[in-house]
Visitor: 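Input: one structure, supplied below.
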Amino acid sequence: MLSSPRPFPFRHYQAACLAIASGILQILLFPKFSLSWVSWVALVPLLIALFREASWKRALSLGWIFGLIFLSGCCYWILDVLQGYGDMHWTGALLLFALLIAYLSLFPGLFACAFSRLSLSFPGGCFLLAPCLWVATEYLRGHLLTGFPWCLTGYALVDHTSLTRIATFTGVYGLSFLVVLINALVAGLFFRSKPAVVSLPVALAFLGGLIWTGTKPLEANRSGKADARLVQTHIPLDHPWDPQSQSRLLDELIELSLSPSSRDSATTPEAAPPIAAPHRTRLLIWPETPAPFYFHEDPSFRRNMNRLAESSGSTLLFGFVDWPMEDSGLHTGPYNSVGTLSPAGGLIAQYDKMHLVPFGEYVPWSWLFFFVEKISTGVGDYRPGSRVVVSRLESGERVGVFICYEAVVPDLVRRFVAEGAEVLVNITNDAWFGSSAAPHQHLLMARMRAVENRRYLLRAANSGISAVIDPLGRVLSSTGLHRRTVLDGHFRFRQTRTFYSRNGDLFAWLCLALTLIPGVAASGRRPLNWLRRHKF
């Protein structure tokens with residue numbers, strides 16, 4: 001036990017500077033910086049400032065300051081979206097942005113408070129339990145009050161394929177755990193913590209072992225290569241939607257979709273044995289778009305989609321808005337939907353987006369945020385879908401399609417694979433983000449879904465970045481931003497399911513449970529000590 005309550009007696013402004021330093025370093029982990037090596041030390045200043053901090057209010061404020069810096073720096077684009085596309089005055093946009101960042105910053109504040117309390121009760125073990133606390137608060141940030149799991153720490157390691165094998169068991173949270181563990185053990189060295197001194201070499205040896213063993217070859221598949229065409233429609237958000245302009249646009253996009261292959265740059269790392277008929281299935285994929293395309297309600301659009309599927313001889317996946325009608329004659333929608341058409345033009349399946357974007361597709365607590373206008377072009381609040389849908393193609397393979405923001409919800413995407421999806425498709429419209437870091441961040445997080453489930457991921461984005469991603473999270477081919485183009489690539493249907501695909505966020509729940517044990521133990525000692533003092 002250390003003799004002084006604070007080995008480094010920081011003044012509050014000095015501790016705040018350390019929290020700010022960690023916030024800045026954390027920003028560097030993500031696009032457009034993508035300095036993943038910084039992840040191993042980014043949280044060290046914050047942990048040093050928090051160790052044995054006696055005031056829970058000061059600890060909470062330090063974590064909150066860290067969150068303000070980090071989340072403002074990573075999510076600055078939200079302000080531009082609210083002001084540029086939400087038709088909000090800059091004062092209202094700034095107010096809503098400030099409220100959102102202040103709320104999200106409470107989660108690192110909660111971590112800071114819990115870590116400082118733990119360092120007082122268990123000054124040695126707190127460094128070993130710090131990653132559990134971090135994962136628990138990241139998980140809560142991704143789930144409470146609709147959740148916002150944007151730029152979780154583990155995403156910084158997506159390019160390190162030797163390390164990302166952990167995610168097939170734990171999801172992205174296991175990578176967050178690994179990063180924070182190294183940070184905590186390094187911070188523990190400053191205080192000569194015996195558990196940190198002993199555990200750091202073990203953790204580094206484990207890390208080195210993962211890197212040294214390299215990437216385990218992926219098992220062979222029963223299917224050969226299949227080809228896909230991703231159509232990057234690049235429909236402007238301010239495109240006029242009169243019948244004539246819409247008809248002209250559809251003609252242009254159909255012509256683009258049927259154009260001769262311009263390039264074939266996607267390659268596969270798998271050494272699977274050759275199959276007699278390697279190009280058995282072709283997927284033609286349109287993105288989610290800001291266009292008011294109504295498949296069921298607009299006969300003209302429906303005819304165009306049927307004609308495209310028949311002309312291409314492909315299975316066609318495309319985004320549209322659905323307005324289903326009840327028997328009473330009242331509309332129950334709208335729903336943000338994706339349809340799958342067979343090469344004969346028949347509707348195979350329809351999936352309605354389940355996890356909607358708050359303030360984008362609906363306004364949560366509209367009584368409170370009455371001044372907020374939705375950014376989406378649909379009329380009225382979108383409604384969430386109720387179930388995961390996996391499309392079975394005529395050749396027997398199964399496809400799981402999720403929409404836009406759902407790419408950052410790990411447990412939702414893995415349910416498609418648990419239901420039998422052999423390839424994942426993500427359609428999205430990132431035009432709202434402009435040229436900010438957000439499209440790159442969104443792609444980074446989508447890549448982790450391929451890693452967790454060991455599936456190829458075909459990503460079609462309205463304005464970019466469209467990409468073919470392999471089961472190791474590597475981008476095999478991609479487009480640039482703000483271009484109307486097509487991307488041709490190859491993929492494979494895969495059947496093996498990972499532990500994470502089958503079981504979901506068990507690891508995150510375990511971390512949540514482990515954070516309760518020291519708290520219960522510490523709170524249990526207080527009444528016992530009180531009884532002893534009063535000789536009961």
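Position 1 is the first residue of the sequence, and the numbers go up from there. Since this is a predicted model, take the numbers as computed values, not measurements.
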Visitor: Could you tell me whether the side chain of E419 and the main chain of F416 form a donor-acceptor pair under 3.5 Å?
Guide: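 No.
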Visitor: Please walk me through it: do Q441 and F433 pass side-chain contact (heavy atoms from CB on, under 4.5 Å)?
Guide: CA-CA 11 Å; Q441 295 171 355; F433 302 146; over 6 Å; no
Visitor: Apply salt bridge (charged side-chain N to carboxylate O under 4.0 Å, His left out) to the pair D159 and R474, showing each step before the final yes or no.
Guide: CA-CA 7 Å; D159 287 319; R474 299 176 295 194; over 6 Å; no
Visitor: If you look at every heavy atom in L43 and W134, which pair is closest and at what distance?
Guide: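 In terms of heavy atoms, the two residues are closest at CD2-CH2, 3.9 Å.
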Visitor: For A187 versus L47, what's the shortest heavy-atom pair and its separation?
Guide: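 Shortest heavy-atom contact: CB-CB, 3.9 Å.
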Visitor: Is a side-chain donor or acceptor of D505 paired with a backbone partner of A508 at a separation under 3.5 angstrom?
Guide: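 Pair absent, no side-chain N/O of D505 close to backbone of A508.
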Visitor: Please assess V401 against L317 for the test side-chain contact (heavy atoms from CB on, under 4.5 Å), listing each intermediate value before the final yes or no.
Guide: CA-CA 9 Å; V401 192; L317 298 91; 3.2 Å; yes
Visitor: Please answer whether the main-chain N or O of R398 pairs with a side-chain N or O of R392 as donor and acceptor at a distance below 3.5 Å.
Guide: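 Not confirmed, R392 side chain does not pair with R398 backbone.
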Visitor: Cut-off 3.5 Å, side chains only: do E288 and N336 have a donor facing an acceptor?
Guide: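 Yes, N336 and E288 have a side-chain donor paired with an acceptor closer than 3.5 Å.
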Visitor: So F127 and F191, would you call those rings parallel, tilted or perpendicular, with 30° and 60° as cut-offs?
Guide: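 Parallel.
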Visitor: Determine yes or no for a side-chain-to-main-chain donor-acceptor pair under 3.5 angstrom, with S72 supplying the side chain and I69 the backbone.
Guide: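 Such a contact is absent between S72 side chain and I69 backbone.
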Visitor: First locate atom NE2 of H490, then atom CG of L458, and finally report the distance between them rounded to the nearest 0.5 Å.
Guide: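 Between atom NE2 of H490 and atom CG of L458 there are 12.0 Å.
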Visitor: State the OG1-CG distance between T479 and L481, to the nearest 0.5 angstrom.
Guide: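 One finds 7.0 Å between OG1 of T479 and CG of L481.
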Visitor: Check for a donor-acceptor pair, side chain of E53 on one end and backbone N or O of A59 on the other, with a separation under 3.5 Å.
Guide: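 No, E53 side chain to A59 backbone: no donor-acceptor pair under 3.5 Å.
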Visitor: What closest approach, in Å, do S116 and C113 show between heavy atoms, and which atom pair accounts for it?
Guide: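 In this case the closest contact between S116 and C113 is OG-O, 2.9 Å.
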Visitor: Centroid separation under 6.0 Å, is that true for the rings of F507 and Y500?
Guide: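 No.
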Visitor: Between M354 and F402, is there a side-chain heavy-atom distance shorter than 4.5 Å?
Guide: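 Answer no - side chains too far apart.
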Visitor: If we count only N and O atoms by modelled type, under 3.5 Å, do the side chains of T428 and N426 hold a donor and an acceptor together?
Guide: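 No - no donor-acceptor pair under 3.5 Å links their side chains.
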Visitor: Please report the C-alpha distance between R447 and D470 in whole Å, then the side-chain angles of each, then the deciding distance to 0.1 Å, and finally whether the salt bridge (charged side-chain N to carboxylate O under 4.0 Å, His left out) criterion is met.
Guide: CA-CA 8 Å; R447 291 169 59 195; D470 79 357; over 6 Å; no
Visitor: Looking at S36, is its backbone amide N or carbonyl O close enough to the side chain of S39 to form a donor-acceptor pair, meaning the two atoms are under 3.5 Å apart?
Guide: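 Yes; at least one donor-acceptor contact below 3.5 Å.
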Visitor: Taking the side chain as every heavy atom from C-beta outward, state whether T164 and V451 have any pair of such atoms under 4.5 Å apart.
Guide: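 With C-beta onward as the side chain, the pair touches.
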Visitor: So that I can tick it off, tell me whether E422 and R494 are bridged by a salt bridge, with the cut-off set at under 4.0 angstrom between side-chain N and carboxylate O.
Guide: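 Looking at E422 together with R494, the answer is no, because their closest N to O distance does not fall below 4.0 Å.
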Visitor: Are W509 and Y139 close enough that some pair of their side-chain heavy atoms sits under 4.5 Å apart?
Guide: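 Heavy-atom side-chain distance check passes, below 4.5 Å.
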Visitor: Quick one: does any side-chain atom of S119 pair with a main-chain N or O of F51 as donor and acceptor, under 3.5 Å?
Guide: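 Looks like no, no N/O pair under 3.5 Å.
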Visitor: Taking the six-membered ring for Trp, are F107 and Y103 parallel (under 30°), tilted (30 to 60°) or perpendicular (over 60°)?
Guide: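 Plane angle over 60°, so perpendicular.
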Visitor: Does either side chain, that of S501 or that of N453, offer a donor lying less than 3.5 Å from an acceptor on the other one?
Guide: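 Yes, side-chain donor-acceptor contact under 3.5 Å.
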Visitor: Measure the spacing between CD1 of I27 and CZ of F33 and express it to the nearest 0.5 Å.
Guide: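 Rounded to the nearest 0.5 Å, the CD1-CZ separation comes out at 7.5 Å.
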Visitor: In terms of the angle between their ring planes, are F499 and F169 parallel, tilted or perpendicular, with boundaries placed at 30° and 60°?
Guide: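 Tilted: the ring planes of F499 and F169 meet at 30° to 60°.
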Visitor: Testing the 3.5 Å rule here: is there a donor-acceptor pair between the side chains of T170 and E452?
Guide: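 T170 vs E452: no donor-acceptor pair found between side chains.
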Visitor: Going by atom types alone, do S337 and D352 pair a side-chain donor with an acceptor below 3.5 Å?
Guide: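 Side-chain D/A pair, S337 to D352: present.
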Visitor: Which of parallel (below 30°), tilted (30 to 60°) and perpendicular (above 60°) describes F70 and F30?
Guide: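 Aromatic pair F70/F30 classed tilted.
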Visitor: Could you tell me whether the side chain of R192 and the main chain of L189 form a donor-acceptor pair under 3.5 Å?
Guide: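 It does not hold such a pair.
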Visitor: Could you give the distance from OG (S463) to CG (D430), rounded to the nearest 0.5 Å?
Guide: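 S463 atom OG to D430 atom CG measures 6.0 Å (nearest 0.5 Å).
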Visitor: Carefully, step by step, assess V468 and L230 under the rule side-chain contact (heavy atoms from CB on, under 4.5 Å).
Guide: CA-CA 9 Å; V468 177; L230 314 180; 4.1 Å; yes
Visitor: Are the side chain of R141 and the backbone of W150 linked by a donor-acceptor contact shorter than 3.5 Å?
Guide: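 Judged by distance alone, yes, a pair lies under 3.5 Å.
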Visitor: Would you name the heavy atoms of A446 and L457 that are closest together and state the gap between them?
Guide: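 Of all heavy-atom pairs spanning A446 and L457, the closest is O-CD2, 3.2 Å.
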Visitor: Is there a side-chain contact between K353 and L356, using heavy atoms and a 4.5 Å cut-off?
Guide: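 Result yes, sub-4.5 Å side-chain heavy-atom pair found.
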Visitor: Apply side-chain contact (heavy atoms from CB on, under 4.5 Å) to residues W40 and V179 and explain how you reach the verdict.
Guide: CA-CA 6 Å; W40 306 113; V179 168; 4.1 Å; yes
Visitor: Quick check against the 3.5 Å criterion: does H442 have a side-chain atom that pairs as donor or acceptor with the backbone of C404?
Guide: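 Such a contact is found between H442 side chain and C404 backbone.
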Visitor: Ignoring hydrogens and angles, state whether a donor on the side chain of T153 or E138 is under 3.5 Å from an acceptor on the partner side chain.
Guide: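 Checked: T153/E138 side chains pair up, N/O donor to acceptor below 3.5 Å.
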Visitor: Can you find a heavy atom in the side chain of L35 that is under 4.5 Å from one in the side chain of L29?
Guide: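 Side chain of L35 against side chain of L29, heavy atoms only: no contact under 4.5 Å found.
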Visitor: Verify whether one side chain among H160 and R165 offers a donor that lies under 3.5 Å from an acceptor in the other.
Guide: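 Distance-only check fails for H160 and R165.
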Visitor: For L163 and L175, work out which heavy atoms get closest and say how close.
Guide: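 Smallest interatomic distance, heavy atoms only, reads O-CD2, 3.5 Å.
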Visitor: Donor-acceptor pairs are to be reported for all side-chain atoms of residues 195-211 against protein atoms at under 3.5 Å, with residues two or more places apart or in another chain.
Guide:
unit_1, atom_1, unit_2, atom_2, d
S199, OG, P195, O, 2.7

Visitor: Kindly assign one of parallel, tilted or perpendicular to the pair F148 and Y405, based on the angle between their ring planes and the thresholds 30° and 60°.
Guide: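 Because their plane-to-plane angle is under 30°, the rings of F148 and Y405 count as parallel.
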Visitor: Hey, does L185 have a side-chain heavy atom less than 4.5 Å from the side chain of L181?
Guide: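 L181 vs L185: side chains touch.
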Visitor: Report yes if some heavy atom in the side chain of P287 is under 4.5 Å from a heavy atom in the side chain of Q232; otherwise report no.
Guide: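 The answer is no; the side chains never approach within 4.5 Å.
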Visitor: Measure the shortest side-chain to side-chain distance between F177 and C132 over non-hydrogen atoms and say whether it is less than 4.5 angstrom.
Guide: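 Yes - at least one pair of side-chain heavy atoms lies under 4.5 Å apart.
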Visitor: Hey, could you give me the OG/CG distance between S466 and L443, rounded to the nearest 0.5 Å?
Guide: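 Rounded to the nearest 0.5 Å, the OG-CG separation comes to 9.5 Å.
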Visitor: Taking all atoms of both residues into account, what is the closest heavy-atom pair of V172 and A167, and its distance?
Guide: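 That closest heavy-atom pairing would be N-CB, 4.5 Å.
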Visitor: Could you measure the distance from the CZ atom of F111 to the CG atom of L62? Nearest 0.5 Å is fine.
Guide: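 So the CZ of F111 and the CG of L62 are separated by 12.0 Å.
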